[in-house]
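Chain naming here is simple, since letters A, B, ... match the order of the sequence lines and numbering starts at 1 in each.
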Amino acid sequence: VTDALYTNLGWLPKAPVDFRRRCRSVDEAKMGLGSALRALASYSLDQNQLFHLAKAIERAREAGRTRKPLVPFRLGLLSNATVDLLVPALIATAARHGIDLEIIQGGYDQTVQEVLSPDSKINQAKPDAVLVAIDHRGLPFLNPLSDPIAQKTAVYGALDYLETIRSAIKANSGSTCILQTIPPGPETLFGNLDAVLPETPTRMVQEVNAGIVAMVSGTADVLLDVAHIANTVGLANWHSPTHWDMAKLPFSDDYCPLYAEHVCRIIGALRGKSRRCLILDLDNTLWGGVIGDDGLEGIQIAEGDATGEAYRALQRFALDLRGRGIVLAVCSKNEDEIARLPFRKHPGMLLRENHIAVFQANWKDKPANIRAISDALALGLESMVFLDDNPVEREHVRQELPEVAVPELPADAALYARTLSAAGYFEAIFFSREDVGRADFYQDNARRIELQRQSGGLDAYLRSVNMEIAFQPFDKTGRARITQLINKSNQYNLTTRRYTEAEVSKMEKDPAFFTLQVRLSDTFRDNGMISVVICREDGPGEWEIDTWLMSCRVLGRCVEHMVLKHITEQAKKRGIHKLKGKYIRTDRNKLVEDHYSKLGFVQVGDDGNGCYSYELGVETASFEDIPIAVVSDIA
Amino acid sequence: VDTGGIYSKLTAIFREVFDDETLVVSPALTAKDVPGWDSLRNIRLMLTVEKAYGIRLTASEIGKLQDVGDLARLVQSKF
């Protein structure tokens, strides 16, 4: 079946036969409970398996055992259908995305009551996000109508209803809203004419969907495009009147794993878990044949050739991903010169050497090379996807580096691109212009490291690239990118505190906060926003540095010194005499464990649990000549 | 579908749904006999039977089931 890729999440490896036993005994896992739960969630699981895994997660929760490194997320769930079967599927699937999910369920078909009353269960819980899982049966419209005016009213009525829910959630719980598009039914009223007449259900659903998209775009709320998911697997498969009648299931039970996967991708993206780098094998992955054996003329990658076109489709998709900011790298067992030959000489290749940020072709094992790529790019293993046609290599990487996503690939190379896309590793909740050049940024950074090795010394090198820095407080223009950085920076992040766009917006006006967005440009390019700082008044004359993060692209360029210099100058102007900083250890931010001591702060506390406190007297701070020019400043 | 075959297949399904390796299914078995067989788990069970046999069960068919014997006969009637 062609849709098995989607229905069975075909990019995930099959679950072991003793999966249930493993769920029961997961508490005894050597690797740590959180990691063991995530490993179990990373198989292709049916509804029963998801249910058993969710039970294991609930058991761990009730026993008060830590689920780290899973990151907590609380989701409110509103629906006009039965979601009791969906809840365990969501909890188990979330672990696949590194999330420890707690669900607060609204009453069955009580959506409006839940959101409008400030003391309802959902509003009281103030979840991180609320999923408004309403389908066509839950909207106040959809009697086939006879005149165009009544039809318009019906569309507006449905959109009004959703807007009411959305604004009530904003007002009463402040949560991010996840809104769904409505999959149209396969049933028609007139037949083919339905597409032509605006008063048919088919057309009304289309208009409502357009309205939902408009409602969400440009806001901090997020769209779950259920209509697209349903179209992908087929509307007649998706809608199951039998299952609706049996148990008020909103769609066929077969798609429960797929739906949960999509919801959890979005939650993962909200928590900065989306992946950022695609590592490609070469022989029989990027072209047909083996370059070392078949030679430049023997490999299959020609335009117009049936086999060649299959591989070209994958190359085209990789290029498109690069265009939206995904970094590309190569990891192949080959001689370097030979492996580079097709990129340089073959006319059928779409990918060229300049698209590849790190090229690892040698005879070392693949896990070692993937580690090297991760180091060169300063991107964690959790950001990596590894694509390889060879099941042995795939399994080796999964065993050695469980953080790396390694999709199963079908025998037919024509389906590689589709499989990679279906796996949804690069889910985004928004897209800013600065994302476009992201692949170049990482690539230039890898090149800069090369340059540094050649040039006379770090200081001389830094001076030669003419860095210019700009400081501004948080504002509306920067808000989306600030929120993005806050939610996805893991490595150069002192406290890893996440804030929603709504919370960031509040800080813009709150006098208790001193906020900074920092941009950096140099001879190579404008790096865009690369650092965010939030200071909060904490006692008279004292600032607590709540958040300090920086993009790893600008590591080792004295940016943090310049930022501190700016903070101390501003602090003096505002009568602040002491800065207090915290380093909260996670498994991702070892990079900054000496951040404050390197900057001259004095350690004053250690709670024994990975949280270290530092202080700096503003008057005592001193700075050497920093090779960065300040181009704009706040008054 | 032969009768012996259906009970061994149903046994495998019950073990999967109730996560209990000791369950053995017989015609007289009812919801009272199996811990955790509530209405939600019953839906889970019916959906698993549907999937295992590639069939659909309607709400009214499910509503009439009294014991596992009824379920086995219902499944057999679909072939």
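Without hydrogens or angle criteria, A:H52 side chain to B:E16 main chain gives a donor-acceptor distance under 3.5 Å.
Only the side chain of B:E50 comes within less than 4.5 Å of a heavy atom of chain A; its backbone N, CA, C and O stay farther away. Heavy atoms closer than 4.5 Å to chain B are found in the side chain of A:F51, but not in its backbone. Only the backbone of B:D20 comes within contact range of chain A, with heavy atoms under 4.5 Å apart. At a 4.5 Å heavy-atom cutoff, the contact between A:R24 and chain B is made by side-chain atoms alone.
Taking CZ from A:R21 and CG from B:D19, the interatomic distance works out to 12.0 Å, rounded to the nearest 0.5 Å. Atom CD1 of residue B:I55 and atom OG1 of residue A:T242 lie 11.5 Å apart, to the nearest 0.5 angstrom.
Heavy atoms of other residues, nucleotides or ligands lying less than 6.0 angstrom from NZ of B:K78 number more than 12. Around the NZ atom of A:K248, the shell of radius 6.0 Å holds more than 12 heavy atoms that belong to other residues, nucleotides or ligands. The environment of CD in B:Q66 is sparse: at most 12 heavy-atom neighbours from other residues, nucleotides or ligands sit within 6.0 Å.
With chain A as the partner, the residue from B:I43, B:L47, B:L40 showing the most heavy-atom pairs under 4.5 Å is B:L47. Of all the listed residues (A:D84, A:L249, A:D46), the one sharing the greatest number of non-hydrogen pairs under 4.5 Å with chain B is A:D84.
Taking a cutoff of 4.0 Å between a charged side-chain nitrogen and a carboxylate oxygen, B:R44 and A:D253 qualify as a salt bridge. Taking a cutoff of 4.0 Å between a charged side-chain nitrogen and a carboxylate oxygen, B:R56 and A:D254 qualify as a salt bridge.
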